[in-house]
Peer 1: 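Structure below; questions to follow.
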Amino acid sequence: MRCPLCGAEFSETLTSCPNCGRMVEESDREKFVPKPNNPAMTYNDPAIHSNVKKYTPAPQQQTDAAMGYNGNPQKSSPAMGYNGNPQKSSPEMGYNGTPQQTGPAMGYNGTPQQTGSAVGYNGIPSGNQQNGQGGGNRPPIKKSTWIIIASSAAAVLLIIVIAVLIKTNKDSNRASTDPTGMGTEETTESTTQAWHYSEPDENVEDIPFGETWTVDGQWAVKVLSVEKTDERNEYSSTDPKAVYVIKYAYTNFGYDNETNDGLFISFDSNIIDSAGLEGYPYPGHISYYPQQVPVGATCVCYTTIGVDNEGTFKVTIRKYDDENQSHIACFVLEPGKSSEEFFVSDKKWDDYPALKIGETWTVDGQWSLTINGVKEVQERNEYSELKPNAVYVIDYTYTNLGYENKYDSGLYITIDDIVVDSEGMMAYGYPGNLEKYPKETAVGQTCQAQECIGVENAGDMKLTVVKYDGNGDKHKQSFVVEVK
C-alpha cells in the first residue's frame with residue numbers, strides 16, 4: 001500500500017509509514033489500497049490485495065500525479081529529475097537536477113559563466129578574453145606581446161625597403177656607367193679579377209727582356225726566363241688561357257729599411273697581356289719563392305701568372321728605396337726566352353758584425369740564444385723538389401728568460417728565415433731528418449733544437465734571427481756559422 005502523505009509504498013502489515021512515520025489506522029486501510037480502475041498503474045505493479053485480480057492495465061491517464069518508472073506518483077507541478085527528486089519550476093536544471101542560476105550561460109558541467117565572456121572548451125569562463133579574442137582555454141594575449149609583434153613587422157618592412165633602395169641604386173649606377181645596358185666582354189674580364197693594373201703616374205721606359213733594372217746603391221732586378229706551362233691548379237678559381245713561370249733574380253746593393261728585414265721584389269701584380277687585358281697571379285707549382293734579402297745577398301726565385309691572351313706581356317713594378325723615394329720599371333716579358341746571367345753585390349756579408357758559434361745573444365728579461373755547432377749531411381729527401389748542392393744541420397739552444405705573450409704558450413725560435421751561403425746566395429730551410437725540434441718553451445726552461453739548411457754553395461754561412469719580444473719590440477741578430 002502507499003502512504004497518502006508522502007506516497008511511499010510499504011507492506012500492509014505495517015502500522016506506520018516507514019518514510020514519514022504517519023500512523024495508519026484500520027479505518028483508513030481501505031482508501032490506502034489502490035483500486036484497479038482508479039489510479040494509473042504501471043505494467044509491473046503487482047496485485048496489492050487478495051480480492052484484486054491480476055490484469056493488463058490500460059494506457060496510463062495521469063489524473064493527479066504522473067507516475068515514475070517504478071509506479072510511484074509524482075507531484076504535478078515541479079519537473080522531476082531522473083531520480084524522482086522535485087526540481088524548482090523557474091531555473092533550468094542541469095543533467096543531475098541541480099538548479100542553474102537564471103541568466104548566465106552554463107558550461108557542460110552546469111557551472112555558471114560570466115555574462116559576455118568567451119568560454120573555453122571546458123566551460124571555464126575566460127573573463128580576461130576581450131571581444132571574443134582567444135579560444136578554448138588559451139591564456140589572453142598580453143599588451144606587450146602585441147607590441148613585440150608590431151615591432152617585428154615594422155623591422156621586416158624596413159629591411160624590405162632598404163633592399164629595394166639598394167637594388168634601385170645599383171641599377172641607376174649600372175645605367176650611368178653603361179647607358180646602353182649591353183656591357184662588353186672586356187669590361188667583364190677586367191672587373192672580375194682580384195688584381196688590377198695601376199697606371200703609372202709618369203711615362204715609364206720599357207725594360208726589354210735580358211736587361212737589368214738597377215737603382216744605384218739600392219738593388220738590381222733581372223728576369224732570367226719566361227716559360228709557358230700546361231700545368232693547372234685544380235683548386236684555383238681562375239681559368240687562364242695561358243700560364244707562365246717567371247724566373248728572376250734580385251740583389252740587395254744597400255737597401256736597408258728599419259721596417260723590413262730585407263729587400264723583397266714581386267712580379268705578381270700590374271700584369272698586362274698581349275691584348276691589353278689584366279693578368280693575375282696564378283697558384284702554380286714552384287719550389288723557390290722570393291725572400292727578404294739582406295744587404296750584399298741575391299735571391300733567385302720563381303712566380304707564376306695567368307693571362308687570357310698568349311704572347312708577350314708586361315709587368316710593372318713600383319718600389320720605394322730606403323729613403324722613401326719611388327722607383328718604377330716596366331718589364332717586357334717574351335715567353336720562351338732566357339738569360340741566366342745577373343749582377344751580384346761586391347759587398348760581403350762578413351763585412352757586417354755578427355756573433356760566432358758558441359757566443360750567446362741575450363735580450364734581457366726575454367731570451368738567450370746560442371749556436372752550438374754545424375755538420376754537413378749527405379742524406380736527401382726524395383720527396384722534396386729542392387735540389388741543394390749541400391745540406392747542413394745546425395744545433396742551437398735557447399732559454400726563456402721571461403718572454404710571455406698572450407698568443408703563445410712559450411718562447412719559440414727558429415733560425416732558417418734569413419740564411420745566406422758562402423757566395424752571397426739566399427739559402428733555405430730543407431726538409432731533412434732532425435733529432436731535436438724547436439718547441440714552445442715556458443719561462444725558466446731551455447730548449448735544445450736543430451735546423452736543416454740547404455745551400456747552392458757549400459761552406460760557411462750567415463744567418464739572421466728576427467724576433468719580437470713580449471712587449472712587441474723588434475730584435476735582430478746575425479750569426480756567422482763556420483763549417484769545418
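Just so we're clear, the structure is a prediction, and the values are computed from it rather than from any experiment. Count residues from 1 along the sequence. The figures here come from the full heavy-atom set of this structure, side chains too, leaving out hydrogens, waters and symmetry mates.
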Peer 1: ring-ring contact (aromatic ring centres under 6.0 Å, His included): which pairs involve residues 438-469, sequence neighbours left out?
Peer 2: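 Listed by first then second residue: nothing to list.
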Peer 1: Considering only NZ, NE, NH1 and NH2 on the basic side and carboxylate oxygens on the acidic side, decide whether D261 and K474 come within less than 4.0 Å.
Peer 2: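 The answer is yes: the pair qualifies as a salt bridge.
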Peer 1: Output all residues satisfying salt bridge (charged side-chain N to carboxylate O under 4.0 Å, His left out) with E334, sequence neighbours left out; order by chain, then residue number.
Peer 2: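 Residues passing salt bridge (charged side-chain N to carboxylate O under 4.0 Å, His left out) with E334: K337.
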Peer 1: Mark yes when over 12 heavy atoms from residues, nucleotides or ligands other than K375 sit less than 6.0 Å from its NZ; otherwise mark no.
Peer 2: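 It does not: K375 NZ has 12 such atoms or fewer within range.
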Peer 1: If I compare all heavy atoms of Q292 with all of N260, which pair ends up nearest, and what's the gap?
Peer 2: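 Result for this residue pair: OE1-CB, 4.5 Å.
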Peer 1: Suppose we screen for ring-ring contact (aromatic ring centres under 6.0 Å, His included). Which residues come up paired with H475, at least two apart in sequence or across chains?
Peer 2: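 ring-ring contact (aromatic ring centres under 6.0 Å, His included) list for H475, sorted by chain: W367.
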Peer 1: Quick one: are Y248 and P290 in side-chain contact, heavy atoms under 4.5 Å?
Peer 2: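 The answer is yes; the side chains approach within 4.5 Å.
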Peer 1: Could you report the tightest heavy-atom contact between Q450 and P438, atom names first, then the distance?
Peer 2: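 Scanning both residues, the minimum pair turns out to be O-CD, 4.1 Å.
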Peer 1: Contact between T441 and T446 at the side-chain level, heavy atoms closer than 4.5 Å - yes or no?
Peer 2: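 A side-chain contact is absent here, since even the closest heavy-atom pair is not under 4.5 Å.
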Peer 1: Is it true that T298 and T251 share a donor-acceptor pair across their side chains at a distance under 3.5 Å?
Peer 2: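 Indeed, the side chains of T251 and T298 share at least one donor-acceptor pair under 3.5 Å.
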Peer 1: Within the structure provided, determine whether D421 and V419 are in side-chain contact (heavy-atom separation under 4.5 Å).
Peer 2: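 Not in contact.
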Peer 1: So D364 and L401, do their side chains get closer than 4.5 Å, heavy atoms only?
Peer 2: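 No; the side chains remain at least 4.5 Å from each other.
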Peer 1: With the side chain counted from C-beta on, respond yes when V465 and D417 share a heavy-atom pair under 4.5 Å apart, and no when they do not.
Peer 2: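 Contact flag for V465/D417 side chains = no.
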Peer 1: Which heavy atom in V466 sits nearest to a heavy atom in K476, and how many Å separate them?
Peer 2: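 Taking V466 first and K476 second, the nearest heavy atoms are CG2-CD, 3.6 Å.
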Peer 1: Can you tell me if K319 uses its side chain to pair, donor with acceptor, with the backbone of F264 under 3.5 Å?
Peer 2: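 Side chain of K319 to backbone of F264: a pair is present.
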Peer 1: Decide yes or no on side chain to side chain contact (heavy atoms under 4.5 Å, CB included) for I394 and L463, but give the supporting numbers first.
Peer 2: CA-CA 11 Å; I394 302 175; L463 59 88; 3.9 Å; yes
Peer 1: About how many Å separate CD of Q477 and NZ of K467, when rounded to the nearest 0.5 Å?
Peer 2: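 K467 atom NZ to Q477 atom CD measures 15.5 Å (nearest 0.5 Å).
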Peer 1: Show every ring-ring contact (aromatic ring centres under 6.0 Å, His included) that has at least one partner inside residues 291-344, sequence neighbours left out.
Peer 2: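 Listed once each, the pairs are W219-H327, Y244-F313, F267-F331.
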Peer 1: Please list all pairs meeting salt bridge (charged side-chain N to carboxylate O under 4.0 Å, His left out) that have one or both residues in residues 222-231, counting only residues at least two apart or in different chains.
Peer 2: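 Non-adjacent pairs meeting salt bridge (charged side-chain N to carboxylate O under 4.0 Å, His left out): K228-E310.
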Peer 1: Quick one: pull up CG in N252 and CG in N257 and give me the separation to the nearest 0.5 Å.
Peer 2: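 Taking CG in N252 and CG in N257, the distance rounds to 10.5 Å.
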Peer 1: Any donor and acceptor pair, going by atom type alone, linking the side chain of D416 with main-chain N or O of G429 inside 3.5 Å?
Peer 2: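 No: the side chain of D416 does not pair with the backbone of G429.
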Peer 1: Tell me, which pairs form a salt bridge (charged side-chain N to carboxylate O under 4.0 Å, His left out) where one or both residues lie in residues 379-398, sequence neighbours left out?
Peer 2: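 Qualifying pairs: D395-K436.
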Peer 1: Test of understanding: with side chain to side chain donor-acceptor pair (under 3.5 Å), list the residues that count as partners of S478, not counting sequence neighbours.
Peer 2: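 Applying side chain to side chain donor-acceptor pair (under 3.5 Å) to S478 gives T464.
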Peer 1: For Y430 and S384, run side chain to side chain contact (heavy atoms under 4.5 Å, CB included): C-alpha distance rounded to whole Å, both residues' side-chain angles, the deciding distance at 0.1 Å, then the answer.
Peer 2: CA-CA 8 Å; Y430 184 78; S384 175; 4.1 Å; yes
Peer 1: Please name all residues satisfying side chain to side chain donor-acceptor pair (under 3.5 Å) with E435, sequence neighbours left out, ordered by chain then number.
Peer 2: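 With neighbours one apart ignored, the set is empty.
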Peer 1: On a heavy-atom basis, which atom in A427 and which in G454 lie closest, and how many Å separate them?
Peer 2: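 Taking every non-hydrogen atom into account, CB-O, 3.2 Å.
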Peer 1: For Y289, enumerate each residue passing the side chain to side chain contact (heavy atoms under 4.5 Å, CB included) test, keeping only those at least two apart in sequence or located in another chain.
Peer 2: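 Listed in chain order: I286.
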Peer 1: Do side-chain atoms of D273 reach the backbone of N309 as a donor and acceptor pair under 3.5 angstrom?
Peer 2: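 Checked: pair present.
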Peer 1: Side chains of N233 and Y282: does their closest heavy-atom pair fall under 4.5 Å?
Peer 2: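 Side-chain contact under 4.5 Å: yes.
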Peer 1: Is a side-chain N or O of Q218 found less than 3.5 angstrom from the main chain of V215, in a donor-acceptor match?
Peer 2: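 No, Q218 side chain to V215 backbone: no donor-acceptor pair under 3.5 Å.
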Peer 1: Tell me, please, which residues at least two apart from Y288 pass ring-ring contact (aromatic ring centres under 6.0 Å, His included).
Peer 2: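 For Y288, the residues satisfying ring-ring contact (aromatic ring centres under 6.0 Å, His included) (neighbours in sequence not counted) are Y428.
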Peer 1: Going by heavy atoms in the side chains, are C447 and T397 under 4.5 Å from each other?
Peer 2: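 They are not in side-chain contact.
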Peer 1: Without swapping roles, check the side chain of Y250 against the backbone of V300 for a donor-acceptor pair under 3.5 Å.
Peer 2: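 Between the backbone of V300 and the side chain of Y250 there is no qualifying donor-acceptor contact (under 3.5 Å).
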Peer 1: Would you say that I272 contacts L277 through its side chain, given a criterion of any heavy-atom pair below 4.5 Å between the two side chains?
Peer 2: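 No - every pair of side-chain heavy atoms lies 4.5 Å or more apart.
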Peer 1: Is it the case that the side chains of Y280 and D268 hold a donor-acceptor pair, with the cut-off being a distance below 3.5 Å and no angle test?
Peer 2: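 Not at all, the side chains of D268 and Y280 share no donor-acceptor pair under 3.5 Å.
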Peer 1: Roughly how far, to the nearest 0.5 Å, is CD of Q291 from CD1 of I265?
Peer 2: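 If we round to the nearest 0.5 Å, I265:CD1 and Q291:CD are 13.5 Å apart.
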Peer 1: Can V483 and M461 be said to form a side chain to side chain contact (heavy atoms under 4.5 Å, CB included), step by step?
Peer 2: CA-CA 8 Å; V483 179; M461 67 191 81; 4.3 Å; yes
Peer 1: Taking T399 for its side chain and S368 for its backbone only, find out whether a donor-acceptor pair lies under 3.5 Å.
Peer 2: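 Flag not set: sc T399 to bb S368 has no pair under 3.5 Å.
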Peer 1: Any donor and acceptor pair, going by atom type alone, linking the side chain of T304 with main-chain N or O of G284 inside 3.5 Å?
Peer 2: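 Yes.
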Peer 1: Quiz question: by atom type and distance under 3.5 Å, do the side chains of T238 and S236 form a donor-acceptor pair?
Peer 2: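 Checked: T238/S236 side chains pair up, N/O donor to acceptor below 3.5 Å.
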Peer 1: Could you please spell out the steps behind the side chain to side chain contact (heavy atoms under 4.5 Å, CB included) verdict for E451 and V393?
Peer 2: CA-CA 6 Å; E451 198 70 74; V393 174; over 6 Å; no
Peer 1: Any chance you could measure I246, atom CD1, to S225, atom OG, to the nearest 0.5 Å?
Peer 2: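 Output value for this atom pair is 9.0 Å.
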Peer 1: Measuring from atom CD1 of I453 to atom CD of E376, what distance do you get when rounded to the nearest 0.5 angstrom?
Peer 2: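 It comes to 13.5 Å.
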Peer 1: Counting N and O atoms only, with roles assigned by atom type, does the side chain of E456 sit under 3.5 Å from a partner on the main chain of P388, one being a donor and the other an acceptor?
Peer 2: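 No; zero donor-acceptor contacts below 3.5 Å.
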Peer 1: Kindly give the heavy-atom pair with the smallest separation between K462 and A354, and that separation in Å.
Peer 2: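 Between these two residues, the closest heavy atoms are CE-CB, 4.3 Å.
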Peer 1: Looking only at heavy atoms, what is the nearest atom pair of V295 and D256, with distance?
Peer 2: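 Minimum heavy-atom separation between V295 and D256: CG2-CB, 4.3 Å.
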Peer 1: Checking side-chain polar atoms at under 3.5 Å, does T370 have a donor or acceptor matched by the opposite partner on T360?
Peer 2: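 A pair is found: one side chain offers a donor N or O, the other an acceptor, under 3.5 Å apart.
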Peer 1: Excluding sequence neighbours, so at least two apart, what forms salt bridge (charged side-chain N to carboxylate O under 4.0 Å, His left out) with D206?
Peer 2: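 K314.
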Peer 1: Can you pull out every ring-ring contact (aromatic ring centres under 6.0 Å, His included) where at least one residue sits in residues 384-419? Sequence neighbours excluded, please.
Peer 2: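 Output for this query is empty, none listed.
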Peer 1: What distance do S266 atom OG and I317 atom CD1 have between them, rounded to the nearest 0.5 Å?
Peer 2: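 It comes to 7.5 Å.
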Peer 1: Using modelled atom types only, decide if a donor and an acceptor are shared between the side chain of N471 and the backbone of D473 within a distance under 3.5 Å.
Peer 2: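 Such a contact is absent between N471 side chain and D473 backbone.
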